[in-house]
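Below: the structure, in C-alpha cells.
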Amino acid sequence: MTDIQDQTPAAGAQNQPQAAANAGKPAAPAAAAVKPAAKAQPEAPAQPAENQIEPRFVEPSALHAEMKRLRDEEKMDFLECLTGLDWQEEGLGVVYNLESTATGRRAYLKTATTDRENPLLPSVSDLWDIANIYEREVYDFYGIKFTGHPDMRRIYLREDWVGYPFRKDDDPLKENPLRMTNEPLADVTETLTLNADGTVTRGENRIFGDGDYVVNIGPQHPSTHGVLHFRVSLDGERIRKIDPVLGYIHRGIEKMNESLTYPQTLALTDRLDYLGAMQNRHALCMCIEKAMGLEVSDRVQVIRTIMDELQRIDSHILYFSCLCQDLGATTAFLYGFRDREKILDIFEETCGGRLILNYNTIGGVMADIHPNFQKRVKEFIPYMRKNLQEYHDIFTGNVIFQNRSKGVGVLTKEQCISFGCTGGTGRAAGWHNDVRKRMPYAAYDKVKFNEITRTEGDSFARYMVRMDEILESLNIIEQLIDNIPEGPFQAKTKPIIKVPAGTYYSAVEGSRGEFGVFLESKGDKSPYRLHYRATGLPLVAAMDTACRNSLIADLITIGGTLDYVVPDIDR
Amino acid sequence: MFDFSIISSWLHGLLTGFMPEWAAILTESILVALVIITLYAIFAIVLIYMERKVCAFFQCRLGPMRVGPFGTLQVFSDVFKMLTKEIINLRGTDLFLHNLAPFLVVMASMITFACLPWNVGAQIIDFNVGIFFFLAVSSIGVVGILLAGWSSNNKYSLIGAMRSGAQIISYELSIGMTMLTMICLTGTMSFSEICQQQYAEGWNIFRGHLPAVIAFILYLIAGNAECNRGPFDLPESESELTAGYHTEYSGMHFGYYYLAEYMNLFICAGMATTVFLGGWAPLHIAGLEGFNGIMDYIPGAVWFIGKTLFVVFLLMWLRWTFPRLRIDQILSLEWKYLVPISMANLILMAIIVSNGLHF
Amino acid sequence: MKKPKIKSIPYDEFKDNETFEKLVAELNAKGTNVIVRKLDELIDWGRSNSLWPLTFATSCCGIEFMAVCAARYDIARFGFEVTRNSPRQADVILVSGTITTKMAPVLKRLYDQMADPKYVVAIGGCSISGGPFRKSYHVVQGVDQIIPVDVYVPGCPPRPESFLYGMMQLQRKVKVENFFGTTNRKQKDPYRKSMEEKNEELYNEEEQA
C-alpha cells in the first residue's frame, strides 16, 4: 500500500519543519531541494518536498472499481480535489486527492487517456456527490467525457463555446469571438454509458420538463452575492429543483497562470476570493515555498497567521452583514460594515490596500508590519468582542431570524463530506475539517484554539459557527500579537524562481473552507498546471440538496449562510 | 378649539352669494381636490425625507445632506428626476392593465387620505359609515398590485403580486376586527363623531384601557402589513424578488407606487391616531384644568399631524430593526395569532362596554 | 526595498473643482433660450442629485461599493443611496468588477432594460480595460466595447473616495445636459419603421423557436 501516504494529523504535524521554528537549524532537505531547482533539472529532487504528492497511476478501466474499494474499504469518504490535466504525450487525465475523515489518511490517484479526439474516462460521481460538478469542470476545460456521469454539460463556458481552453494545443480566442447573442441554456443533457464491450451508449437526461415553472434567479440578482445564476423550478413558493449555472465571472485565472511566472501568479490569488485575499495568497506562497524547500522565518509565519485571522474576522463580519441584508435587516448590515472598516484600517496601514492586499510574497511578506500595527490590533480585540455582543443583541436573538434559520437547509455530516463542504458549513454539521488542526501550517501549531463545531447542520448552526469563530480568531491573535519574533520579513530568493518538477498540494483554512493549491511543475519558471481547490464550488453544488422543498425565501437564507464568493467558484 | 367649519361655511356663503348652489359646490369640490393633491404630495415628500433621515440615524449614517440645507431638497430632486424619466412600454404585457395598475393604487390611497380628520370641522369625507368606507376603499389598492403583477409578464412580479394578495387580504381581517373592537367602544363609525367623543371623554386608548391597548398593538402590526412595509415587505422583498410587483415599472409609474407606499404608511398611522389616539383631540388630563386649557390652544391640525408622525416613527423604527418574515410565517402570524387574539379582544371589549367598565 | 514610482494625476488636480465648475458654466452658457435653459437647469439639478444606482456587482469592486454605501463613506449624503434592484428604476449602472464574455450579453441586456436617461460608470481596472485579466480568454477588454461609458474610475479596486469622486464627475456631466430641444426632441428616424418590422420578425422567430 505505497500509494497511501501516511499523513495523519499527528504525523503531519511532526513532519512540519515549522518546528524548524528552531530557525538556527537550517533544514537539510531545503538545501537539497533548492539546488536542482536552480539548475532547472526536470527530474525530482533527491528528497521530495514535504508537500509533494506522487499520484499512483490507475488504468481508466480499473479506476471505478479501485475508487469504490478505496471509498468502501479504506473509508476515503472525502474527495478533496479533482484536477484535470493535459500531459500532452501522456494524454489527458485527472488527479484525485482523497482523504479519510475518520483516520486522516490520504491517497492520491491519477488516470489518463491518450485519445485526444474523444477522450473517455469513467465517472466517480456516483461515489462522491461533489465529483459531479468537478467532472463537469474537467469536461469544460479539457473535453474529457465521463462515462456514467448524469449531466455532461459545460459548466463555466457558454454552451456554444468552441474548443477546450485548457488543452495545451487549444487557442481559445481563435474561434470564440465575443458573442452578444443570448446564451443558450439546454434543458436536456447528454449522458454516456460505457457498455461491457467497450461501446458507448448515449442517453438523455432531462433537467427541467415542460410543466416546470422555472424562475431564473440571477445572474443579476441582489442575493446571489455576485453573478451566480440559479435556475429554480418552483411549485408555488416551494423549490422543486435548483440548477446552478456558473461561469459569469470565470476569468480563466488557472489558464493565465500557466503563462505567468511564479511571482506573477501571486497577484491573481487575491482576486479569487477577495474576502480571503491573505489566506489564498498564503496558500500559494506556502505551496511554492515548500516545493522549493525555501525556509521562511518565524516572524513571517507569525505575521501571516495574524493576517490570516484578521482576514477571517473581516470575512465573517461581511458574512454577517450580507446575511442581514438578505434577510431584510438593513441596519445590522451597516453595523457590520462599521466594524469591518477597523480591520481595513489595520490592513491599509501595513499593506497599503483595503481589499486586494498583495501582502504575502514567496519567502516572506511584502513589507514589515507598521509600527502601529500591534497597538491597533490590541485596541481592536476588545472593541470587536464588545460589538459582537451587539450583533447577537440586534440579530441573533431576533425571533424572526431564529424562525427563518433554525431547521432550514439542513446538510447532514455525511452530505457535507460527500459534497466536500469544508469550513463553517461542514463544521456546523459536526465534521471536524479545520485545516489548521488537520494539517497545521504557519504558527497554528503553537497557539491554542478550539475548532468550533455544532451538530445541527442547519442555517442557524452555520451562522453561529461563524460568529463563534470570530471569537476564536480574536483569541489566536491575542496569543500571537505580543509574541512576534524578531527576524527578517523576507527570505532571500533567486531573481528567477523555479519550482522543481513534481506535483504539489498545499492547503490553508480559508475564510470559508479548505483552500487548496494543486501545483504541477516541470521545473520551469512558470507552473505547468496550477489548480485551486475553490472553497465555494462544493457549497454551490450542495445548494440543490439543501434547498429541496424549501421556500424561495429559504433559498436566500441558505445561500447567505453557506457563504460562497462567486469569483472564487468560477476562478 | 378652533372650528374649521367656520372657514368652510364662510366660503360656502361667499360663493353662493354670486353663483348658483350647484356651481358653488362644484367650485368647492375642485378646490378641495386641489388641496388633497397638494397635501398628498407634500406629505409624501416629508415622509420620504423623514424615512431617509430616520434610517440614517438608526444606521450611524448622516443621510441626505448635500442637496439643500440638511438635504431637505433631496426628495424634490428625486421628484424632478422621476417626472422626466422614460416610461417603458413592454412587449408581451397587457398594456392597458399595466398602465392602469399604478393609478388604482394611487387612487385608493388618495381616497383613504381624504378620510382623515385634520381638525374640528376640517374633514373632507365624513359620513355615518366612515370606517366602513375607509376599509372598503383601502382594499382597492390590492387590485392595483395584483394587476401590476399579472400584467407585467414577469415571474418575479407575479410571485410578488400573489404574495401581496395573500398577505393584504389576510391582514384586512384583523384590521377589521380591531376596528370593530373600537366601534364597539365608540358606538359610531363616523370619524368626526369619534374624534368629538374623544375630545370630550378622553382618548380611546385610555378609555378602553386593556382591550384598546391590545387592539392598538394589533392594529399597528396589521397596518404595517397592509402597507407592505418591513418586516412585512414580502411583495417587493428586494433580496428575493428584485422589486416584486413593480419590477417592470419605470419612471413616474414606479413613482406612484413609491408615493403610495409612503402615503399608505401615513394613512395607516393617521387612522391609528384617529381611532386610538384621539385624532385632533388635544391631550387632556382630568383634574388639571390649566394644563388642559393650554393644550386647547394648540390647533387640532398640529395635534393630529404630530401624533401621526409619532406613529410613523414607530413604524419606521420597526422597519429598520427587524428582518423580513417568510410567507408562511406571515400567514401563520395572522391566522394563528392575530385573528384569534383580535376575536377574543372583541369579546372582551363587548363585555367591558356592556358592563360599563370603561372610563 | 526601492520605492515604486506611481504615475498618477497630481493630487492638486483632484482638488481642483473650480476648473470643472467653470467648464460646466461655460458649456451651459451656449446661447439657449433663457426659459428653456432655466427649466433645463432645474431638470438637470434633479437628475444629477438623484442618481439611483443599480445593484450590480460582479467581483471585488462590488464589496467596495458596499463600503461606499456604509456608514463611513455614506453615499446617502449625495442622495444616491436608493439602490434599485430592478434596472427599470435605476439611473446609473456602476459596472463594478470583471465582465466576462459570458456576462457580456447579460450586461448589455441590463443596460437596454434601463429607462432613459441612463448612465454607466466603469469601476475598476477590469471594467475599464480587462485589468489584470486582460490576457485571459474569457474577459471582455473594457465594458466600453459593449455599452457606452460616461465615467471611468480606475483602481483595483478603487478606494471609496474614488467612487465618490467618480460619482461627482458624473453629476457634473449630467449638469450640462439639455432636456429640451436636443436629446428629447422627437426625431424622425428614417429606419424606424424598418426597425420595427425587423423586431417584429425577430419576435416571430423567437415565438416559433
Side-chain angles (χ1 to χ4, degrees), chain A residues 156-158 161 165 170-173 176-183 218-223 225-227 229 246-253 255-256 259-260 267-268 270-271 274-275 277 318 321-322 325 333-338 340-341 344 353-356 366-367 490 565-567 570, chain C residues 1 4 54-64 66-74 76 81 83-87 93 96-110 113 124-126 130-141 145-146 155-160 206:
Chain A
Y156 294 130
L157 306 172
R158 282 169 67 115
W161 187 272
D170 186 79
D171 182 8
L173 287 175
N176 293 293
L178 180 57
R179 291 187 180 88
M180 292 306 288
T181 49
N182 287 339
E183 167 195 2
Q220 202 295 116
H221 188 272
S223 295
H225 297 207
V227 277
H229 179 182
L246 307 173
Y248 291 96
I249 187 76
H250 170 64
R251 294 166 296 191
I253 289 180
K255 176 72 178 173
M256 282 174 75
S259 54
L260 297 174
L268 301 182
D270 285 38
R271 286 149 179 98
Y274 35 78
L275 300 175
L318 198 102
S321 301
C322 292
Q325 170 84 336
F333 163 78
L334 279 115
Y335 286 2
F337 263 80
R338 180 192 62 192
R340 184 172 169 266
E341 289 289 336
L344 297 187
R354 281 165 52 88
L355 197 64
I356 305 294
M366 197 67 97
Q490 171 72 45
V565 165
V566 184
D570 289 352
Chain C
M1 208 166 86
L54 176 74
T55 37
F56 175 80
T58 60
S59 54
C60 338
C61 298
I63 303 292
E64 285 298 68
M66 282 152 88
V68 179
C69 296
R72 184 181 289 186
Y73 301 98
D74 194 15
E81 87 273 37
T83 50
R84 302 307 313 176
N85 294 317
S86 165
I93 178 166
S96 29
T98 325
I99 298 300
T100 60
T101 50
K102 191 171 180 175
M103 192 64 196
V106 181
L107 175 67
K108 175 77 166 45
R109 194 198 267 199
L110 275 177
Q113 280 174 345
C126 296
F133 307 105
R134 194 173 166 80
K135 284 183 180 163
S136 168
Y137 60 88
H138 201 247
V139 169
V140 177
Q141 301 184 351
Q145 292 188 354
I146 319 167
C156 189
R159 294 185 56 85
E206 272 172 28

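Computed from heavy atoms alone, side chains included, the values below leave out hydrogens, waters and symmetry copies. We name chains A, B, ... by the order of the sequence lines, and we start the count at 1 in each one. Only a predicted model underlies this, so the values are computations on that prediction, with no experimental measurement involved.
- Of the two parts of R251(A), the backbone and the side chain both hold a non-hydrogen atom closer than 4.5 Å to a non-hydrogen atom of chain C.
- N182(A) CG to K108(C) NZ: the interatomic distance, rounded to the nearest 0.5 Å, is 10.0 Å.
- If you measure heavy-atom distances from A67(C) to chain A, the contacts under 4.5 Å come from both the backbone and the side chain.
- Residues T100(C) and T58(C) fail the side-chain proximity criterion, which asks for heavy atoms closer than 4.5 Å.
- For E341(A), the parts lying near chain C are the backbone and the side chain together; criterion is any non-hydrogen pair under 4.5 Å.
- Closest approach of R159(C) and Y73(C) over heavy atoms only: NH2-OH, 4.1 Å.
- Residue contact with chain C, scored on non-hydrogen atoms closer than 4.5 Å, involves the side chain of Y274(A) exclusively.
- Of all heavy-atom pairs spanning L334(A) and A71(C), the tightest one is CD2-N, 3.7 Å.
- Heavy-atom distances place the side chain of L355(A), and not its backbone, under 4.5 Å from chain C.
- With ring centers used as reference points, H250(A) lies 6.0 Å or more from F133(C).
- Note on Y335(A), W161(A), Y248(A): by heavy-atom pairs under 4.5 Å with chain C, the leading option is Y248(A).
- When heavy atoms are compared at a cutoff of 4.5 Å, L54(C) approaches chain A solely by way of its side chain, counted from C-beta outward.
- Note: Q220(A) leads Q490(A), R340(A), R158(A), Q220(A) in heavy-atom pairs under 4.5 Å with chain C.
- In terms of heavy-atom pairs under 4.5 Å with chain C, the best-connected choice from L275(A), V566(A), V227(A) is V227(A).
- Considering only heavy atoms from C-beta on, R271(A) comes within 4.5 Å of P132(C) through its side chain.
- Distance alone, capped at 3.5 Å, places no donor-acceptor pair between the S96(C) side chain and the C60(C) backbone.
- Heavy-atom pairs under 4.5 Å with chain C were tallied for M256(A), K255(A), H229(A); the largest tally goes to M256(A).
- If you tally non-hydrogen atom pairs under 4.5 Å between each of E183(A), R354(A), R179(A) and chain C, the highest count goes to R354(A).
- With a threshold of 4.5 angstrom between heavy atoms, L260(A) does not approach chain C through any atom at all.
- Of the two parts of M180(A), the backbone and the side chain both hold a non-hydrogen atom closer than 4.5 Å to a non-hydrogen atom of chain C.
- Side-chain contact between I249(A) and M103(C): absent, with no pair of heavy atoms (C-beta onward) separated by less than 4.5 Å.
- Looking only at heavy-atom pairs under 4.5 Å with chain A, the residue among G97(C), P157(C), C126(C) that has the most is P157(C).
- Only the side chain of L110(C) comes within contact range of chain A, judged by heavy atoms closer than 4.5 Å.
- Proximity to chain C (any heavy atom under 4.5 Å) is restricted, for F333(A), to the side chain, taken from C-beta onward.
- Contacts between L157(A) and chain C at a heavy-atom distance below 4.5 Å involve backbone atoms as well as side-chain atoms.
- Two residues are said to be in side-chain contact when any heavy atoms from C-beta on lie closer than 4.5 Å; C322(A) and M66(C) meet this criterion.
- Within the 4.5 angstrom heavy-atom criterion, only backbone atoms of T181(A) (N, CA, C, O) approach chain C.
- Under the rule for a side-chain contact (heavy atoms from CB on, under 4.5 Å), the partners of C69(C) that lie at least two apart in sequence or sit in another chain are F65(C), I75(C).
- Of the listed residues (Q145(C), K135(C), E64(C)), the greatest number of heavy-atom pairs within a distance under 4.5 Å of chain A belongs to E64(C).
- Of the listed residues (T55(C), T98(C), I146(C)), the one with the most heavy-atom contacts under 4.5 Å to chain A is T98(C).
- Using a 4.5 Å heavy-atom cutoff, the side chains of I63(C) and L318(A) are in contact.
- The distance from atom CG of L178(A) to atom CD1 of I99(C), rounded to the nearest 0.5 Å, is 11.0 Å.
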